Amino acid sequence: MKHTSFLQQFLLLQLGLIAATLAFSDDQFIFSGFNQSSLSLDGSAMVTDGGLLDLSNGTAVLSGHAFYPTPLHFRKSSSGKVQSFSVHVVFSIFITYPDLSADGMAFFIAPTKNFSDARAAKYFGLLNEKNNGEANKHIFMIELDTYKNAELQDINDNHIGININSAVSLKSSTSGFYEDEGGAFKNMTLNGNKAMQLWVDYDEGDKQINVTLAPINMGKPSRPLLSATYDLSTVLSDSASYIGFSSIATLINTREYVLGWSFGMNRPAPSIDISKLPKLPLVGPKAQSKLLAIALFTLVVRRRRKYAEVREDWEEEFGPHRFSYKDLFHATGGFKNKHLLGEGGFGKVYKGVLPLSNVEVAVKRMSHESRQGMKEFVTEVVSIGRLRHRNLVQLLGYCRRKGELFLVYNYMPNGSLDKYLHFEEHKVILNWVQRFRVIKGIATGLLYLHEKWEKIVIHRDIKASNVLLDGEMNGRLGDFGLARLYDHGTDPQTTHMVGTKGYLAPELLRTGKASPQTDVFAFGMFLLEVACGQKPVKKNAEGNEVFLVDWVLEHWKNGLVTKTVDTRLQGDYNVDEACLVLKLGLLCLHPLPSSRPRMREVMQYLDGDMPLPELRQTELSLNMAALMKNNGLNSSSVSYPQLTLSFGTVSGLSGGR
Ligand SMILES: Nc1ncnc2c1ncn2[C@@H]1O[C@H](COP(=O)(O)OP(=O)(O)O)[C@@H](O)[C@H]1O
Ligand SMILES: *[C@@H]1O[C@H](CO)[C@@H](O)[C@H](O)[C@H]1NC(C)=O
Ligand SMILES: *[C@@H]1O[C@H](CO)[C@@H](O)[C@H](O)[C@H]1NC(C)=O
Ligand SMILES: *[C@@H]1O[C@H](CO)[C@@H](O)[C@H](O)[C@H]1NC(C)=O
Ligand SMILES: *[C@@H]1O[C@H](CO)[C@@H](O)[C@H](O)[C@H]1NC(C)=O
Ligand SMILES: *[C@@H]1O[C@H](CO)[C@@H](O)[C@H](O)[C@H]1NC(C)=O
Ligand SMILES: *[C@@H]1O[C@H](CO)[C@@H](O)[C@H](O)[C@H]1NC(C)=O
Ligand SMILES: CC(=O)N[C@H]1CO[C@H](CO)[C@@H](O)[C@@H]1O
Ligand SMILES: [Mg+2]
């Protein structure tokens, strides 16, 4: 009997708890933990067993949304003004490898629950590069941003922003709060696995938006972190709006939790009782050693199996960037030929669809015999995974097996540019407008690699087959830094080339040292290739090698440069743009590296912001001669036999004229 009453008491207690946890009415609600909540969830969002709203999941590049299930009437009538409201949120962000890109999360008000057209990365899973900034989105958002995205004018990698219809903030500030006493500003680190509080208040009368942040153990500071005057009646849709949270989950171990959430319309948000909130999961040394034990266990069990992989101690820190061989195996239907996208100097590329996330990927399978240089390479690969740009193919991660390395990239539905330029059976010909757009895109991507990131990244293998086309036919550079694997010189006898024949600058052949200027040289060759629709080196009827650059130079000298433009365009192109591209190509192919433009200048020429300098043929030829003399450059000094062809390209520039 005693037993029963205990049980009854326990049940009563539980019921009471639930009642305290959830309280709803039309114009206010409070969640202290999300057990039994009826939030609408999509993508990576879920409620954990412990009652936390987990927005990120951390397994794939997916965004997740959580909405209050019913839309709220921010206007009393459809023509009325947006009323005052107030929001209180307790959240926590934990990104194990902040360096490896993670953009944080957002609180938002929007007219829809359907964000299927949004981009997971960068636009907080709410917008995409096309509709970003469009007034008809009717989105009000507070971003909690842990990544500095220069394109979005982010101030740093730890800030809060007020955003209207855009991923670019109207106003933003470093995360922190102003002390009530003395008013000093105290920094707070968003990515710290610490629960913290956020308040968003809007006043109908003075149209003021206040955003306030504070650590968990504090009351609301009286001075807001951010304050903006903006009439939300001009932003929110006339009908009811949904409110909720969104996040960007990356492959990297990211956690974005909401512990509690309350809302009030025309009244303060009910205050959240911190003591009732669910607990954050354990992280740090203890959890990591547990994870390590699990990892070791799985490693031992798996080793002998079909899906055996190679893992070494130094890789531990890249854990989240690693794919399991099993997943890649299943994604590509067992690396069947049916899934083969193409084959290049580095190996075969397969199309795949990742299990769980359904993300389409391209998996590059490369063989590597030596372990030497692998550590540097993987480190570099992971660091390159941080690079994000609309003109780069995003690298998602890697996997290693005995003698094999796998690199996982975003899949580009329209394939590589070479197919459109050189394959007869490929019926689709790119028109001039598309070509010029791709050229500008690739120039932008390369400029980003050279100058816009914290380190100079040298691509080393620019060519048409490394220019991929996304669903909107934007040009994106792929395979950046890959040649580095062989550059780190595992095996001098290697038959792999550093770079590709026809695109190699003379000084690269001489010294073997890649630089931004050797990339510019290859970019010059790419320009000619796109404008002429021809490969850099071809065999003529007699079986002799013919160099595109010689041919273009010849026509240019005779004032007939437009004769070299791809005949398949049937004369349908912009003559000024075509001449600009061809001349700029020759300028980039200048034998002296110091005479080639930098990508910054290339961009200005392409944008028409700067006139192209006059190209003097004597200068080209004379300098080439000087270069040959000064450096004792001759074909026997070229270390790779395959490269002599490319050397031929260059000597052809000055030869016999
Ligand atoms: N991310 C990708 N999406 C779609 N296709 C790709 C992707 N990466 C590579 N490919 C295809 O696979 C082919 C082989 O690529 P790769 O091994 O890099 O050799 P190469 O660049 O020398 O052609 C490419 O020509 C391209 O058509
Ligand atoms: C991520 O989501 C998938 C599918 O919803 C689920 O199976 C998996 O357990 C989740 N992972 C974590 C770490 O929560
Ligand atoms: C979401 O919107 C897209 C168009 O952006 C549409 O194709 C799709 O059917 C919508 N999904 C739902 C569930 O309404
Ligand atoms: C607060 O952040 C700013 C900007 O990131 C930094 O310059 C300053 O040193 C930080 N202060 C503290 C106390 O961490
Ligand atoms: C915003 O903050 C200012 C300054 O503390 C305060 O005067 C104002 O009432 C606040 N407005 C709202 C809507 O909270
Ligand atoms: C949520 O439910 C789980 C069991 O399903 C329980 O362990 C946890 O304590 C609950 N959390 C809260 C905040 O009630
Ligand atoms: C060519 O290069 C080799 C090796 O560097 C050198 O021994 C030889 O003298 C060079 N020949 C000429 C003609 O410069
Ligand atoms: C020219 C071409 O192939 N365009 C395609 C690019 O990819 C999109 C989306 O997959 C297709 O709709 C286009 O037809
Ligand atoms: Mg490639």
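When a ligand or atom number is given, it counts from 1 through the structure's own listing order. Every value quoted in this text rests on a predicted model; they were computed, and no experiment measured them.
- Distance check for atom 7 (O) of ligand 3: every protein heavy atom is found at 4.0 Å or beyond.
- Checked against a 3.5 angstrom limit, the closest N/O atoms of N210 and ligand 5 fall inside it.
- The residue E472 has no part lying near ligand 8, judged by heavy-atom distances below 4.0 Å.
- No side-chain donor from either of S169 and Q153 sits under 3.5 Å from a side-chain acceptor of the other.
- Listed by number with element, the atoms of ligand 8 under 4.0 Å from a non-hydrogen atom of P413 are 10 (O).
- Looking at atom 4 (C) of ligand 3, its nearest protein heavy atom turns out to be S116 OG, 4.3 Å.
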For this session: Determine, stepwise, if the pair E143 / H159 fulfils side chain to side chain donor-acceptor pair (under 3.5 Å).
Result: CA-CA 8 Å; E143 60 169 61; H159 62 273; 2.9 Å; yes

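- Checked against K220 for a side-chain hydrogen bond (donor to acceptor under 3.5 Å, both in side chains), the options D201, T212, D180 give a single hit: D201.
- Shown here, atom 14 (O) of ligand 3 is in close reach of the protein: a heavy atom of it lies under 4.0 Å off.
- The contact set between ligand 5 and D203, taken as ligand atoms under 4.0 Å from a residue heavy atom, comprises 13 (C).
- Near G471, with a cut-off below 4.0 Å to any heavy atom, the atoms of ligand 8 are 6 (C), 7 (O), 8 (C), 9 (C).
- Nearest non-hydrogen protein atom to atom 1 (C) of ligand 3 is N114 ND2, 1.4 Å.
- Close approach of ligand 8 to Y420 is summarised as follows: ligand atoms under 4.0 Å from at least one heavy atom of the residue are 3 (O).
- Under a 3.5 Å cut-off, the side chain of S56 and the backbone N or O of E256 do form a donor-acceptor pair.
- For ligand 8, none of its N or O atoms has an N or O atom of D470 under 3.5 Å away.
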